[in-house]
Colleague: 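Could you have a look at this structure, given as structure tokens, before my questions?
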Amino acid sequence: MKLAVFVSDLRNTVDTLDRLKAEKLGIILIQNGVYHAAIKENGGASPLLKKSADFYALSEDLETRGLSSSNIASGIKVVNYSDVVDLIFNNYEKSVWL
């Protein structure tokens, strides 16, 4: 199964993600979830970014929080709403929201 996971919160997501099994996992960071892309914990990136997945961050939510593509970790693709719709319809079979 190809699964897209919308992450909208900064807390309590890594344990939940550990329980999800998918042949292809895409993590779409939205709302406060975009902080995973930028915040360093103890000098390192968010533990969420250690997952084996394709990562996306919504550009509109980055801008709302004063972040830009230059502030986020490498390996995260910045996407807009149109890109998210394309991802859901073309790249993933199911989606969930955390």
Side-chain angles (χ1 to χ4, degrees):
M1 172 179 50
K2 299 175 183 175
L3 179 65
V5 179
F6 288 89
V7 174
S8 62
D9 195 355
L10 185 59
R11 302 166 291 152
N12 303 326
T13 55
V14 176
D15 293 340
T16 304
L17 279 170
D18 285 342
R19 290 184 267 154
L20 298 175
K21 303 295 180 210
E23 69 183 61
K24 178 180 179 180
L25 182 64
I27 297 175
I28 303 170
L29 304 171
I30 59 170
Q31 299 174 347
N32 284 340
V34 297
Y35 288 121
H36 285 286
I39 290 180
K40 305 276 187 204
E41 295 182 16
N42 300 323
S46 167
L48 179 82
L49 301 180
K50 295 177 183 171
K51 298 290 176 198
S52 177
D54 294 326
F55 289 94
Y56 308 94
L58 187 62
S59 61
E60 289 84 351
D61 288 342
L62 288 168
E63 288 177 26
T64 298
R65 287 151 182 85
L67 301 170
S68 69
S69 59
S70 64
N71 301 112
I72 65 172
S74 63
I76 299 174
K77 184 176 181 181
V78 177
V79 294
N80 60 28
Y81 283 109
S82 179
D83 296 328
V84 170
V85 172
D86 288 342
L87 284 169
I88 296 304
F89 281 100
N90 299 325
N91 295 49
Y92 297 98
E93 299 166 342
K94 295 188 181 220
S95 60
V96 295
W97 194 291
L98 300 180

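In this chain, residues are counted from 1 in sequence order.
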Colleague: Please list all pairs meeting side chain to side chain donor-acceptor pair (under 3.5 Å) that have one or both residues in residues 73-83, counting only residues at least two apart or in different chains.
Modeller: none
Colleague: Is it the case that the side chain of S8 and the backbone of L29 share a donor-acceptor pair, with hydrogens and angles ignored and the cut-off at 3.5 Å?
Modeller: no
Colleague: Using 0.5 Å steps for rounding, measure from the CG atom of N91 to the OH atom of Y56.
Modeller: 5.5 Å
Colleague: Does one hydrophobic cluster hold both L67 and V7, with members joined at side-chain heavy-atom distances below 4.5 Å?
Modeller: yes
Colleague: Under 4.5 Å between side-chain heavy atoms, hopping through other hydrophobics if needed: is there a path connecting L20 to F55?
Modeller: yes
Colleague: Kindly state each residue pair satisfying side chain to side chain donor-acceptor pair (under 3.5 Å) with at least one member in residues 21-31, sequence neighbours excluded.
Modeller: none
Colleague: For the atom pair CG (D15) and CG (L98), what is the distance rounded to the nearest 0.5 Å?
Modeller: 11.0 Å
Colleague: At what distance, to the nearest 0.5 angstrom, does CG of L3 lie from CD1 of I27?
Modeller: 9.0 Å
Colleague: Verify side-chain hydrogen bond (donor to acceptor under 3.5 Å, both in side chains) between S68 and N71, making sure each step is shown before the conclusion.
Modeller: CA-CA 5 Å; S68 69; N71 301 112; 3.0 Å; yes
Colleague: Would you say that T64 contacts V34 through its side chain, given a criterion of any heavy-atom pair below 4.5 Å between the two side chains?
Modeller: no
Colleague: Are I76 and L49 close enough that some pair of their side-chain heavy atoms sits under 4.5 Å apart?
Modeller: yes
Colleague: Classify the ring geometry between F6 and W97 as parallel (under 30°), tilted (30 to 60°) or perpendicular (over 60°).
Modeller: parallel
Colleague: Could you tell me if the side chain of I88 sits less than 4.5 Å from the side chain of I28, heavy atoms only?
Modeller: yes
Colleague: Quick check for you: to the nearest 0.5 Å, what is the distance between I72 atom CD1 and S46 atom OG?
Modeller: 12.5 Å
Colleague: Hey, does I30 have a side-chain heavy atom less than 4.5 Å from the side chain of V84?
Modeller: no
Colleague: Please determine whether residues M1 and V96 belong to a single hydrophobic cluster, defined as Ile, Leu, Val, Met, Phe, Trp and Tyr linked transitively by side-chain heavy-atom distances below 4.5 Å.
Modeller: no
Colleague: Which residues pass the salt bridge (charged side-chain N to carboxylate O under 4.0 Å, His left out) test with D54, not counting sequence neighbours?
Modeller: none
Colleague: First locate atom CG of L62, then atom OH of Y35, and finally report the distance between them rounded to the nearest 0.5 Å.
Modeller: 10.0 Å
Colleague: Check for a donor-acceptor pair, side chain of H36 on one end and backbone N or O of D9 on the other, with a separation under 3.5 Å.
Modeller: yes
Colleague: To the nearest 0.5 Å, how far apart are NZ in K2 and CG in N90?
Modeller: 10.5 Å
